[in-house]
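Reading through the structure tokens given below for one structure.
Positions are given from 1, in the same order as the sequence printed here. Just so it is clear, the values below take in all heavy atoms, side chains as well, and ignore hydrogens, waters and symmetry mates.
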Amino acid sequence: MNSLKKFGVLLLVYLLSSSVHSGYVTDDFLIFTDTKNGVIWQLDLILRNIHPVFSQCNNPISTSYDPIEQRVYWSEVVTFAKIRRVNVDGTAPEIVFNFTIGSIPDGVTVDHISRLLYYTENRYDTIGVMRLDGSHHKILFRTGLDRPRALALDPINGWMYWTDWGTEAKIERAHMDGENRQTVADTDLSRPNGIDIDIPEQKLYWCDGNYSKIEVSDPDGSNRRSLIEAGYTVSRYYFGIAVDDLHIYFTDWGFASWAFRRANKLDGSNSTVRVARFIPTAKLTGVHVYRSSYHLSGSNDCSVNNGGCPYLCLPKPNGRTCACPDRVSGCIMTTYSTTSTTAVVTTKSTTTSTTIATTPTTTSTTASATSTTPTTTTGTSTSSTQVSTSNKISSTSLATTVPALPPTVTPTFTSTKVTTTEKGAINDEVKGEDSASIPMVIGVAVATPLVTVILVVVIIIVFLKRRRTPPPDPQTSHVPHLNRAFSDRPVPPPPKSPKGQLRLSTDSDYDLIPGDYLTLTADNTYEVPSTQENQYADYVGICPVSKRVDPPPPPLPTKIDNKTPIGPL
């Protein structure tokens, strides 16, 4: 019997070691979020090993991956919701962004090309973007959303897609800078959940939870068709979805164990269920797939040097936008396009546009400024500077030199004036400010030791003065000392108490005595009522004996008649 138990234990250890692998991989894998167990799982698609990446999560929902730094990102929907990340080997966990209390960050997606992080928020109905480290946060959409759920990005072409399962369920898309918002699908939808974009094939996949359906269409919503349709059933609820070169992977809340579904991405055939039976219970929600051979890194206008933007570089079709984070005043938002030669610079109160003529023989530049005052238009000037562009225009004569690469934009903290300077001029201005601040720095450096000496002298004087203070005389105090440890401190007079209570102070601690037992007389002496004279005698005994007065006996009647009552004998 003992041999059978040992054999069973060895077999269980072997199965666990062959299934839950202790190592991790950096290619050809799936990432899952397990809401029930609070674990981020990695599944090796080659060896089919399961590896727990991180097991200290709190209700993880959505997940994504950055192959450049090999980090896993996920959202946690709790009271204090947040986005977190960890290395794929499980080391260096950290919080990327903390949301407002009560927020529900349902979807999170990494743009590893532009180094951006996009998310959807379900409580306040917003879609936002930030840098991968959580800096330069900006909300792109605040209106027109009901229940935004999942998010997918196409950074190479500059489009973003999201699902919304509100009252009017729909799937929308927009440029990754928040412009040109469009509806992809708004019919035959109940609760669209997960969404993913097949970038090489330019196909959009999503799943519907209530209908337990997987659909696919072109990025603009055309050629829409159903791949898998199980119908409305309580045993299935599709939540997350991911796509690679051959398959679609999607999670199903109908499973009470560690399981997910896989099918052919072209026609939905060969639908199978992958189960890890050695994990007793689980609830897989988000899923992300990464294959370096299929998920090409690519590039866009923001992939090099942040597109020349000081804060956020948001890609868009054939261009980019240098966007301003929230709560940053005086920032300049600039939009650049690689197919046209028009650059638009926009602030809150000033709009400057520069138009480049494409005719080789005619050159002109017009600058217009608009504010709350009447419009002022400056004149035009000509120059013979030649600028080469990359697409249809080979050379163009400009009135003002416009570099082919994105110019360096320096934030100007003013809302009425936009200043453009050369790099050398900016450096000279900074040097001038440093030179002007030298006397102030020297003054602070000289004054600091003097202030320190004065503070030390004051502290010493106060300390010596306190040490020379004589202890109070207990005989002259209103309240006697109960503890000799407080004899070096002056005893305050008894605080005034509400009627019916007496406070005997030792320093700052008070004993409360009910007024039924002690009363305070007009000459600050303490009396004991005759009705209960033997109770709380200890409290009465600490009072000054010289001031304790016994009540005089009542006078005896000198004459007894029928009208004079007889007093107590």
Side-chain angles (χ1 to χ4, degrees), residues 61-62 64 75 77 103-109 111 118-129 138-155 157-199 201-233 236-243 248 250-253 265 268 285-287 314 316-317:
I61 298 297
S62 180
S64 190
S75 61
V77 178
S103 299
I104 304 177
D106 254 0
V108 58
T109 306
D111 174 7
Y118 286 76
Y119 71 89
T120 59
E121 199 285 315
N122 202 311
R123 174 65 58 82
Y124 301 102
D125 300 331
T126 59
I127 296 178
V129 62
K138 179 180 178 61
I139 295 180
L140 296 177
F141 298 103
R142 300 177 184 268
T143 59
L145 300 174
D146 195 355
R147 287 290 185 271
R149 233 294 293 156
L151 188 71
L153 300 177
D154 181 3
N157 298 299
W159 286 94
M160 56 186 297
Y161 306 82
W162 67 90
T163 57
D164 190 328
W165 54 267
T167 304
E168 297 179 357
K170 56 188 173 182
I171 298 175
E172 294 182 284
R173 72 169 183 170
H175 293 170
M176 291 180 65
D177 62 353
E179 300 295 332
N180 195 19
R181 183 173 176 179
Q182 303 174 6
T183 299
V184 176
D186 57 359
T187 59
D188 297 330
L189 295 173
S190 176
R191 182 156 292 192
N193 273 324
I195 189 171
D196 198 10
I197 178 72
D198 187 349
I199 298 177
E201 300 292 337
Q202 284 297 289
K203 293 294 182 180
L204 188 65
Y205 294 81
W206 69 86
C207 58
D208 193 304
N210 282 346
Y211 291 159
S212 300
K213 183 169 56 176
I214 305 293
E215 293 186 89
V216 61
S217 72
D218 293 341
D220 59 356
S222 60
N223 298 321
R224 177 182 174 183
R225 57 192 177 92
S226 178
L227 293 180
I228 299 175
E229 189 170 358
Y232 178 78
T233 173
R236 293 187 181 185
Y237 188 89
Y238 299 159
F239 192 81
I241 190 171
V243 59
I248 52 174
F250 50 103
T251 57
D252 188 351
W253 281 7
K265 75 172 186 178
T285 53
V287 56
L314 307 181
K316 60 182 302 182

Thinking salt bridges, do D164 and R149 make one under a 4.0 Å N-O criterion? no
Could you tell me the separation between the CG atom of D154 and the CG atom of D198, rounded to the nearest 0.5 Å? 10.0 Å
Salt-bridge test for D208 and K213: reply yes if a basic N is under 4.0 Å from a carboxylate O, no otherwise. no
Interatomic spacing from OH in Y118 to CG in L314 - rounded to 0.5 Å: 4.5 Å
Tested for side chain to side chain contact (heavy atoms under 4.5 Å, CB included) against W159, the lone hit among L204, N180, L153 is N180
Separation between CG of D125 and CG of D146, rounded to the nearest 0.5 Å: 6.0 Å
Could you check L227 against E215 for side-chain contact (heavy atoms from CB on, under 4.5 Å), going step by step and ending with a plain yes or no? CA-CA 5 Å; L227 293 180; E215 293 186 89; over 6 Å; no
Going by heavy atoms in the side chains, are D188 and R224 under 4.5 Å from each other? yes
Contacts of type ring pair (Phe, Tyr, Trp, His ring centres under 6.0 Å), residue F141, not counting sequence neighbours: W162
Rounded to the nearest 0.5 Å, what's the gap from CD on E172 to CD on Q182? Could you check? 10.0 Å
Roughly how far apart are M160 CE and K316 NZ, rounded to 0.5 Å? 13.5 Å
With no hydrogens and no angle check, is any side-chain donor or acceptor of S75 less than 3.5 Å from a backbone partner on P105? yes
